[in-house]
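The next block holds one structure in the form of structure tokens; read it before the comments.
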2 protein chains.
Amino acid sequence: MKKKTLHPTLSQVAREAGVGTTTVSRVINGGHRVNPETLARVRKVIERLGYMPNQAARTLKGHRTKTIGLVIPSIADPFFSNCAEAAQAIARANDSLLMLTVTSNDPRAEMENLDVLIRHRTDGLLIVPANSQSQMLRELLERVAVPVVAIDRPVADSSIASVVCDNFKGAITGTQHLIDHGYKRIVCLTGESTLYTIRERMRGYRKAVEQARLSCIIDTSVKDYKSAEYAIKSLLDGPEPPDAIFATKNSTTIHAFEVLQRLNIPVPQSIALLGFDDFELASTVRPPISVIQQPVEEIGRRAAEILFDQLLDERGTGSPATRHPLQVKLQTRLIQRASCGCTPPTP
Amino acid sequence: MKKKTLHPTLSQVAREAGVGTTTVSRVINGGHRVNPETLARVRKVIERLGYMPNQAARTLKGHRTKTIGLVIPSIADPFFSNCAEAAQAIARANDSLLMLTVTSNDPRAEMENLDVLIRHRTDGLLIVPANSQSQMLRELLERVAVPVVAIDRPVADSSIASVVCDNFKGAITGTQHLIDHGYKRIVCLTGESTLYTIRERMRGYRKAVEQARLSCIIDTSVKDYKSAEYAIKSLLDGPEPPDAIFATKNSTTIHAFEVLQRLNIPVPQSIALLGFDDFELASTVRPPISVIQQPVEEIGRRAAEILFDQLLDERGTGSPATRHPLQVKLQTRLIQRASCGCTPPTP
DNA sequence: TTCTGGCTTGGAAACGATACCACACGAGCG
DNA sequence: CGCTCGTGTGGTATCGTTTCCAAGCCAGAA
């Protein structure tokens, strides 16, 4: 049986080194104002015992926990996992750990997760709100004594900092691009209509289409391959079949693409396709799919940066904490590939 | 200015409710052995003050931190993000938080991350070792008073629990499948040769190829599109061009596929392709790509389950902790699609 | 010589929760 | 009537660290 030694404490180190706890404390906090010889001796004991400070005790004594909480709908989704990766990097650069929780967009799970994170007294909170309108969420976040930054979706009617994309403008750009190609009957395909991001994209689509005096065709039933197939077949068999598809999110784009491919409907000859949110193989499939690209990594990074700025402000002098733009809106980018009818330059 | 109230403490609740701290403690821990009236009164005060127990204090008093650490190479990689998602779910089911850190397969970053996690006294550790052979890692993990489960890659020469895939057998199955199709010159494409998983897969490839008395062709230079293009062109222009590719990992498979497509080399007519590790669009691209599939979600789940079992054992009676299989090896599955020459049943 | 001041150093009080122990009180029993 | 027992309750030491305060020491100034 490997007999594992429990964690030695600071006092044990002190006793072993023949000094007081104060001195050891000073040593592990940089060793300032400690006699070089004492320093070396204590360091040796620390090394020998494999001493590692107990963060819980430090925290208790009034210090930060050196952790931040991240609350996201899913880790498996590339959009969020890339956000998380960026946030993690910033946390690490600030000597903090990331506590990760997932909500599956369920407000109840979200509240529970926040509850646990707050019990753990994370220094800050990054959250992708399941429901931008939730009053419970807003109240909790405003009541709690912790800096918060919302990611991807703002918290309505609050002064909570947020980093989101300009989904509205992005959707306009995408839809307008299809219009510029001469498509007349553009359908907006989606599987959601409650999420903030999706609503914004639908709003953008509607705006562009109405401005061009085209008809507004929206199908909100696309949740998987099956439903996509049904929706697209119905649409194409209808009296006025669409000649282009604007898909409001990643999975919708993919499902639509799979259906068109399975049905042997040539893209973009019979129907064009443009999706919101880029994905790894978008440029590999045939035809390559045109998309509105979001600065995924930047979203996570900026959010985390703002959070740590807030932490610094809090700690520092009573200077105005409003130094930072609290509502960041990042711009999207149209990536022209072939599915919209473009002949993109061969890279 | 929104004046945020700091966190109230247990004693404040006690004072406010006119009871002792002991009673409040009992209330928040289930309310057993407390007079119903007192219980209600204290609960009301807790509600009013928005009291939330301080986990750091609880931890200090000898309890668990209710956190586990996860150390992975990357979050953006779908394989690991799916592992992480599964592990997170188990952690949550066990009322624990996940502390997430990423290493980019850098042993130094790995040691640093472990250091931080240990300072935080996570109750357990899940780790995807950057280097299975690392002696420093093994020593640290064996010395530390924390249960550890290795994921995807074992820690060599140690009794540390692990959950990995049978990469060797999987690679044999895949290679053998190509052999069964009649391919004679199968090249193994890879971009790594240090990682445990890749080495096992190469070992499997070699075994199958040698057993069939075919020549063993290995190219370890495929790191991105550029290098893949160079490698494949060289191979095809060589004296004895390969008729099949066995790619040892996800990104290699994709790069190879992109090159073949760009070069207009028909798959599988001119050259067949089979990859290790499934990915979302493998069945969508044309031709659909055959792969060896790993039970990704199960890896993360099992690892976390074993970890929590160990935690329970530790806490419980001195019963033999060897109740669980400590070295779990999960089997892979061949998914026949079209890129290997199969005509899979239309789903 | 005595005093001032910079370095080192240690004692001990917090931080917030838990749990051991003790105590009060009324009921049931011999 | 005195005893035990069970229920409800509170006092207080404790976990491991930081930090305030004080003190010891020696050099240089007065």
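Chain naming here is simple, since letters A, B, ... match the order of the sequence lines and numbering starts at 1 in each.
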Next item on the list: Looking only at side-chain atoms of A:Thr38, point me to the closest of C:dC15, C:dT9, D:dT19.
Entry: C:dT9
Check: Which one, D:dT9, D:dT17, C:dT18, comes nearest to the side chain of B:Leu10?
Finding: C:dT18
Note to self: Between A:Thr9 and B:Val34, which residue's closest nucleotide on DNA chain D lies nearer the 5′ terminus?
What the structure shows: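 Nearest nucleotide further toward 5': that of B:Val34.
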Next item on the list: Using heavy atoms to find the nearest nucleotide of DNA chain D for A:Leu60 and B:Arg26 separately, return the residue whose nucleotide is more 5′.
Entry: B:Arg26
Note to self: Applying a 4.0 Å non-hydrogen cut-off, can you work out what B:Val24 is touching in the nucleic acid: base, sugar-phosphate, or nothing?
What the structure shows: nothing
Note to self: Does A:Ile28 reach a base, just sugar-phosphate, or nothing at all? Heavy atoms under 4.0 Å.
What the structure shows: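 Answer is sugar-phosphate: A:Ile28 comes under 4.0 Å of backbone atoms only.
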In whole angstrom, what separates [X]'s [atom1] from [N]'s [atom2]?
| X | N | atom1 | atom2 | answer |
| --- | --- | --- | --- | --- |
| A:Leu6 | D:dC15 | CG | P | 13 Å |
| B:Asn35 | C:dA24 | CG | P | 19 Å |
| B:Asn54 | C:dA14 | CG | C1' | 14 Å |
| B:Leu39 | D:dT7 | CG | C1' | 15 Å |

Margin query: So which atom in B:Pro147 and which in B:Leu311 form the shortest heavy-atom distance, rounded to 0.1 Å?
Written below: CG-CD2, 3.6 Å
Notebook entry, point to check: Which pair of non-hydrogen atoms, one from A:Ala161 and one from A:Gln310, has the smallest distance, and what is that distance?
Noted result: CB-NE2, 3.6 Å
Any side-chain N or O of [X] less than 4.0 Å from the OP1 or OP2 oxygen of [N]?
| X | N | value |
| --- | --- | --- |
| A:Thr23 | C:dG10 | yes |
| B:Ser25 | C:dT18 | yes |
| B:Arg33 | D:dT9 | no |
| B:His63 | C:dA19 | yes |
| A:Asn29 | D:dT18 | yes |

Note to self: For C:dA19, does the base pair up with any side-chain atom of B:Lys61 as donor and acceptor (N or O, under 3.5 Å, distance only)?
What the structure shows: no
Notebook entry, point to check: On a plain distance test, is the side chain of B:Thr22 in donor-acceptor contact with the base of C:dA19 below 3.5 Å?
Noted result: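 When only heavy-atom distances are counted, B:Thr22 does reach the base of C:dA19 through a donor-acceptor pair under 3.5 Å.
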Check: Which distance, rounded to the nearest 0.5 Å, do you find between the OG1 of B:Thr65 and the CZ of B:Arg58?
Finding: 12.5 Å
Item checked: Step-by-step side chain to side chain contact (heavy atoms under 4.5 Å, CB included) determination, A:Lys66 to B:Arg119 -> CA-CA 11 Å; A:Lys66 294 284 191 181; B:Arg119 288 167 131 73; over 6 Å; no
Notebook entry, point to check: Okay, side chain of B:Ser132, backbone of B:Pro154: is any donor-acceptor separation there less than 3.5 Å?
Noted result: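 A pair under 3.5 Å: yes.
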